[in-house]
Amino acid sequence: MLNATLVHRATPSKWGNAGNSSMNLLKNMLVEKVEQMMEWSSRRSVIRMNGDKFRRFVKAPPRNYSVIVMFTALQPQRQCSVCRQANEEYQVLANSWRYSSAFSNKLFFTVVDYDEGADVFQQLNMNSAPTFMHFPAKGKPKRADTFDLQRIGFASEQLAKWIADRTDVQIRVFRPPNYSGSIALALLVSLVGGLLYLRRNNLEFIYNKTGWAMAALCVVFAMTSGQMWNHIRGPPYAHKNPQNGQVSYIHGSSQAQFVAESHIILLLNAAITMGMVLLNEAATSKGDVGKRRIICLVGLGLVVFFFSFLLSIFRSKYHGYPYSFLIK
Amino acid sequence: MAEQHTAADGKHKASPNAGGSLHGNSRTNAVGGGGGKGGLSGGLAQPAGWQSLLSFTILFLAWLAGFSSRLFAVIRFESIIHEFDPWFNYRSTHHLTTNGFYEFLNWFDERSWYPLGRIVGGTVYPGLMVTAGLIHYVLNLLHLTVHIRDVCVFLAPVFSGLTSISTFLLTRELWNQGAGLLAACFIAIVPGYISRSVAGSFDNEGIAIFALQFTYYLWVKSIKTGSVFWSIGCCLSYFYMVSAWGGYVFIINLIPLHVFVLLLMQRYSRRVYIAYSTFYIVGLVLSMQIPFVGFQPIRTSEHMAAAGVFALLQAYALLQYLKDRLTKQEFQTLFFLGVSLAAGVVFFTIHIPIIASVSEHQPTTWVSFFFDLHILVCTFPAGLWFCIKNVNDERVFVALYAISAVYFAGVMVRLMLTLTPVVCMLSAIAFSSVFEHYLGDDMKRENPPIEDSSDEDDKRSSGNLYDKAGKVRKHVSEQEKAEEGLGPNIKSIVTMLMLMLLMMFAVHCTWVTSNAYSSPSVVLASYNNDGTRNILDDFREAYYWLRQNTDEHARVMSWWDYGYQIAGMANRTTLVDNNTWNNSHIALVGKAMSSNESAAYEIMRSLDVDYVLIIFGGVIGYSGDDINKFLWMVRIAEGEHPKDIRESDYFTPQGEFRVDKAGSPVLLNCLMYKMSYYRFGEMQLDFRTPPGFDRTRNAEIGNKDIKFKHLEEAFTSEHWLVRIYKVKKLENREPLEHKLRSIVPRQKYTSKKTAKRKRGHIRNKLVLKKGKKLNKK
């Protein structure tokens, strides 16, 4: 860092002394660098850099372009899931810039991976990834040239806003539409349609009430066990205590839940419902009395036991709830 | 002390009532079943009489239980309106009763959103106010002089009884009388519905759930009978629902969906045609009479599904007619073309509102499902199972109702309210079918009514009506001979455990209502270690102060949360309120709160503000105060004025929001901070903490030396919860901050000496005094 700035400050005086020939040399060097950068960015919207490239194209003058650098650690062994998400957002942003009509050689997007340029990290005294930095065309980066990741987050819209603030280059973020949902839907529809066509002579199964009832119950169980909450909030599957390695499947607060927890609740709800249905079956079905008695008792056991289990889970989550049944 | 006693009493009273009605209910099932049989075989009139007497008693008790379990807040505090929105509803109702209906519809409220005002008549659902006003009018006509406030407070509990009656009617249509009675008892006490209908919560939902259930009952009735009479009844009920709550959109989508699914299941009949055509046309015209709804039903996408299904039904009916005229081949091609086209159109129109509503990110955890519905949430799938297994026209409806409502409740926690009625009905069906089989004696085993009704349905759909009574009876007697029961022991064990579960449900409901849903939030209560209660009545104290001590036309600035309360309780003009229709106006208030004093004074002067009201919880540790909401004010202000307000200025460099010495200087000098902590630095709350220790944020405040230039403290309530400041008028001239430079007046006397002879002197020359040594060393 220190080194680079020294060189930077020293150069203007050198120009003045050396006169025309060195001016030309520098100009050539600049043109060469810009061409090189343009070539890279035409191949990939985000230029990968190692230590040498970084020093040559980003740190060293002369430059007439701004560079946005993402310092990150994308190797799988680093286990940085935030880096991967940030990288996706960054790619979206870089692509929107690359394919926008305003694309020019004034702004480049680059990335430095820790495993390719650890020396850069040391040089910049950087100990967390991902970090976004802006290297302006003139002068060295100021405090505001480091993106405030903690507070703003790394959505590409926010990044674009920050870039517009720093470089006066407006980027309209264009997210590639996600076709996977509609493709899956189309596949499903065609599959169902094909199945119906193949079995067009025997469409009895459409009138099968049990199938429809099962489908309806599946929707109900999914909703009452909070799968929609999981879908929107995206909680972890379960929580592992880092100190003693214990895995807890039930979230301690009533405001949140784990995915595993919602699956447990789904099963409990289904068991209680099945118990109710069995109780009814036992009374209405025609058959051996002994068998029906067993069904009846099994149904009753399912209802009572699993309900008290459900109640005890609820009690452990909702602090201060006074009631319990069979199981504390 | 006495109050508490009555509260405990009420609690006890409520739960045995609920339990008692459940017991009574289960008895009815047995008696009812037996009675029905007796009527069939012997033709005796008496059992039917007993049956209806019991039904009436149970419904009455359910109403009573539902009413009394909603009174916790009234008994603990007093008969007051709760929260925020109810205060506006109350104020409008008051306006309606004093000035009449037409004046209310044309009401332009100049006391809110100063200086813009608000057209109230055209921007509210008037059903609630008209209902309360009508009840008040009738009572006064009978010389029962009740204050309108009491009508408003007790409206929701009274309507909960009507809701349970309409739930009873609907469930009876769907299943049988026993299930209906159980459902009525469930919905009377279930927390999911109590949460929006306790005494004092005078809000749209309180009456809307009744309208919803009653509309569905009339719809099922009109589908069953196919008579225009019931359809028109359904339309009128729908009209009431539209006038009461924006949730009417749920009805206008669910009923067309029902018709659509009936068509898909090839259950089309004249009854469906008559019911839906009448409902759509009359309902559409009626719903457009509400000023706030206006032309939405023919413009917006959420009403398009109804129109699409209407067109589809007409086309389907036409095809049915053509079927007799055309050859089979022609007919088939025409039919498939028409149906696929229409289905495509309908599918897409139905799809749009559902996608739109998913964007609400307030999903529900399983805990809130269990909290609000307890055992019902685990047993209602069983009821759904029975309904689908024994399907007929109206059970299709309840299945669709359940699935759509459970989806919406999963997406958005507030829509638990629409799920609750259907959960009560389906759970009642599940429990009632269990009790039917396990409560009766072995000797006279009843024919399960489920089979009966599905038989009946199958016959009806196939169109063959033959005398079935004889056959069914024969069937029963055969069954009796062939089978033996499960034995009295098992039956009584099952019954007892089921009753036990229901009792736990009743206890749970009472506990939840008492602890979670009965706080008026206008009056706060805190409990000491020995169980005695302190009431913090600061809000009303401050609002009453405003009402008594300020000019009638004084304008009060506060954050929008308190707008309705200031208008309702203090009767003063507000700048912004809970009807957040104008964001830039709110942003202006937010900007004033988050600027420094002199910049804020400019804004306040331009808005003619006389008083500023803030909520401060640092003394008692109330977490819902304005400093905790402050970042929202900053954000909203930044959205409209990004040049003047920046959110990052209010954080420390580490990105924290703190009020102590480490806090950002912009925060420590903004108007909200200064108003909250004015004179707070002198206050020592207890001996363990330094003076100026904020209990809510657990920090010693960073700016203890606060002085105002343009404001002065006007009022601070007992626990400092509400602080009111007066905005000073402009002084004649602002005094300068610094001292004027003292200029020695030049002497008038001018010397006549010439320049040459003038003796010069050095200005401010140090005068040395001789004769004293500074250092004696």
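Below, chains carry the letters A, B, ... as their sequence lines are ordered, and counting in each starts from 1.
Rounding to the nearest 0.5 angstrom, the gap separating the CE atom in B:Met498 from the CE atom in A:Met276 is 5.0 Å. To the nearest 0.5 angstrom, A:Gln227 atom CD is 13.0 Å from B:Trp366 atom CH2. Atom OH of B:Tyr438 is separated from atom CG of A:Leu300 by 8.0 Å, given to the nearest 0.5 angstrom. Within the model, atoms CD1 of B:Ile388 and OG1 of A:Thr210 stand 10.0 Å from one another, a figure rounded to the nearest 0.5 Å.
Side chain of B:Thr379 to backbone of A:Thr273: no donor-acceptor contact under 3.5 angstrom is found.
Neither the backbone nor the side chain of B:Leu419 comes within less than 4.5 Å of any heavy atom of chain A. Both the backbone and the side chain of B:Phe371 have a heavy atom closer than 4.5 Å to some heavy atom of chain A. Neither the backbone nor the side chain of B:Met265 comes within less than 4.5 Å of any heavy atom of chain A. If you measure heavy-atom distances from B:Thr365 to chain A, the contacts under 4.5 Å come from both the backbone and the side chain.
When each of B:Val494, B:Val434, B:Ile493 is checked for heavy-atom pairs under 4.5 Å with chain A, B:Val494 comes out on top.
The two residues B:His437 and A:Ala283 make their nearest non-hydrogen contact at CB-CB, 3.3 Å.
Separation of the A:Phe325 and B:His508 ring centroids does not fall under the 6.0 Å cut-off.
Between A:Phe314 and B:Phe370, the ring-plane angle classifies as tilted under the 30° and 60° cut-offs.
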